[in-house]
Amino acid sequence: MELIFASNNENKVNEIRAVLPSEIKILSLNDIGFHDEIEENGDTLEENSRIKAETLHKLTGKNVFADDTGLFVEALKGAPGIHSSRYAGTGNSADNIRKLLKELEGIANRKAFFKTVICLFWKDEIHFLSGKIEGKIIDQIKGAEGFGYDPVFVPDNYEQTFAEMNQSQKNKISHRAKAVENLIRFFENN
Ligand code: IMP
């Protein structure tokens, strides 16, 4: 059974290939020759993942899934949220972190969570699967692993930032790992 992953990120595609049952053949956007930008103009992770998955489902008629992730900071009313990748306007992680720490200057409530939503079109039915991890934003960067906001995010019940953990430690507890676990469970049950 073929399943398109509506992503241009080959690392993510390979990660998914490694964990899904081998009878599911994952095709990337490159594999199907789709190189257009899909405008993600929704207001939620659910809407944006659906826009991507639905566009490809309508175009190909095949099984498709897409994911969308954001960092939601309580004291900033959920910002950067769906705007996480371009929070500072440049698409650069160091700029995003600088802006985040500036917005949180002098604010005691540092609670935040990462959430990943996967929208799946499977046999013409739509399904949503998600994963979330709660934690806090510290006031300085720590660690060099990972990407995005990892150097300032400390998960609840841990002392280290995501960027101080090695990849396998992060992958045991991360929002994305939990969403993918739910996707694997879906295929085990369907
Ligand atoms: P995407 O939907 O996976 O492209 O994620 C959107 C943005 O959220 C990324 O550009 C990062 O800024 C941030 N982000 C997503 N996942 C993580 C993570 O695991 N650690 C840190 N930042 C992340």
Side-chain angles (χ1 to χ4, degrees), residues 4-16 19 26 28-30 37-56 64-73 76 78-104 110-120 128-138 140-156 158 160-183:
I4 296 169
F5 182 9
S7 172
N8 285 315
N9 182 332
E10 287 295 324
N11 289 326
K12 275 195 197 174
V13 176
N14 287 332
E15 225 177 83
I16 289 280
V19 295
I26 301 290
S28 69
L29 292 182
N30 261 339
E37 271 295 309
I38 300 174
E39 198 189 341
E40 297 172 33
N41 51 9
D43 293 325
T44 61
L45 298 176
E46 283 78 5
E47 281 174 22
N48 281 338
S49 59
R50 181 180 181 145
I51 289 167
K52 286 183 273 188
E54 199 162 36
T55 302
L56 269 298
V64 181
F65 77 99
D67 71 339
D68 205 29
T69 297
L71 172 69
F72 297 79
V73 180
L76 303 179
I82 58 165
H83 305 294
S84 293
S85 61
R86 298 191 52 81
Y87 188 40
T90 58
N92 174 288
S93 290
D95 293 342
N96 287 339
I97 289 177
R98 216 171 290 124
K99 174 165 178 179
L100 180 64
L101 295 187
K102 184 118 193 54
E103 297 286 335
L104 284 173
R110 315 290 293 199
K111 276 193 199 167
F113 63 85
F114 278 109
K115 186 177 174 188
T116 295
V117 172
I118 291 174
C119 174
L120 169 70
F128 287 95
L129 306 130
S130 66
K132 187 174 172 182
I133 181 153
E134 310 259 3
K136 64 170 190 249
I137 304 298
I138 56 170
Q140 56 181 305
I141 61 166
K142 278 190 187 168
E145 300 288 324
F147 69 101
Y149 300 89
D150 281 349
V152 289
F153 182 81
V154 176
D156 283 349
Y158 290 82
Q160 295 176 310
T161 66
F162 265 166
E164 291 176 296
M165 296 181 183
N166 63 42
Q167 205 178 339
S168 78
Q169 267 178 307
K170 180 185 167 189
N171 284 345
K172 280 189 193 127
I173 58 172
S174 84
H175 45 297
R176 201 175 354 270
K178 287 177 187 165
V180 171
E181 269 165 35
N182 286 329
L183 184 66

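Everything numeric here is computed off the predicted structure, so don't read it as measured data. Both ligands and their constituent atoms are indexed starting at 1 by order of listing. Any value given below was found using the heavy atoms of this structure, including those in side chains, with hydrogens, waters and symmetry copies removed.
- At least one donor-acceptor pair under 3.5 Å links the side chain of N182 to the backbone N or O of S130.
- Taking the salt bridge (Lys or Arg N to Asp or Glu O under 4.0 Å) definition, one finds that D95 meets it with R98, sequence neighbours left out.
- At the top of the distance list for atom 8 (O) of ligand 1, counting protein heavy atoms only, stands S84 CB, 3.5 Å.
- For ligand 1, the atoms closer than 4.0 angstrom to any heavy atom of K170 are 18 (C), 19 (O), 20 (N).
- Per-residue contacts place G148 under 4.0 angstrom from the following atoms of ligand 1 (heavy atoms of the residue considered): 21 (C), 22 (N).
- In this structure, the protein non-hydrogen atom closest to atom 12 (O) of ligand 1 is Y149 CE1, 3.3 Å.
- Close contacts of ligand 1 with D68, meaning ligand atoms under 4.0 Å from a residue heavy atom, involve 2 (O).
- Separation of atoms NZ (K178) and CD1 (I173) is listed at 7.5 Å; rounding is to 0.5 Å.
- The protein heavy-atom contact nearest to atom 23 (C) of ligand 1 is F114 CE2, 3.5 Å.
- Looking at atom 9 (C) of ligand 1, its nearest protein heavy atom turns out to be S85 CB, 4.0 Å.
- No hydrogens or angles considered: nothing links the side chains of N9 and S7 as a donor-acceptor pair under 3.5 Å.
- Residue, atom and distance of the protein heavy atom nearest to atom 6 (C) of ligand 1 are T69 O, 3.3 Å.
- Of all the atoms in ligand 1, the ones that sit under 4.0 Å from a non-hydrogen atom of H175 are 16 (N), 17 (C), 18 (C), 19 (O).
- Between F153 and V73 there is no side-chain heavy-atom pair separated by less than 4.5 Å.
- Around atom 14 (N) of ligand 1, the closest heavy atom drawn from F147, Y87, F162 belongs to F147.
- Across every non-hydrogen atom of N41 and N48, the tightest pair is N-OD1, 3.6 Å.
- Checking R86, K52, K12 against atom 1 (P) of ligand 1, the nearest heavy atom belongs to K12.
- Looking at K52, its side chain does come within 3.5 Å of a backbone N or O of D67 through a donor-acceptor pair.
- If you run side-chain contact (heavy atoms from CB on, under 4.5 Å) between L71 and each of N96, L76, L100, only L100 comes through.
- Nearest heavy-atom pair across S49 and A66 is O-CB, 3.5 Å.
- Which parts of ligand 1 touch R176 is read off a 4.0 Å heavy-atom cut-off, strictly below it: atoms 3 (O), 16 (N), 17 (C), 18 (C), 19 (O).
- With respect to atom 20 (N) of ligand 1, the closest heavy atom belonging to the protein is D150 OD1, 2.6 Å.
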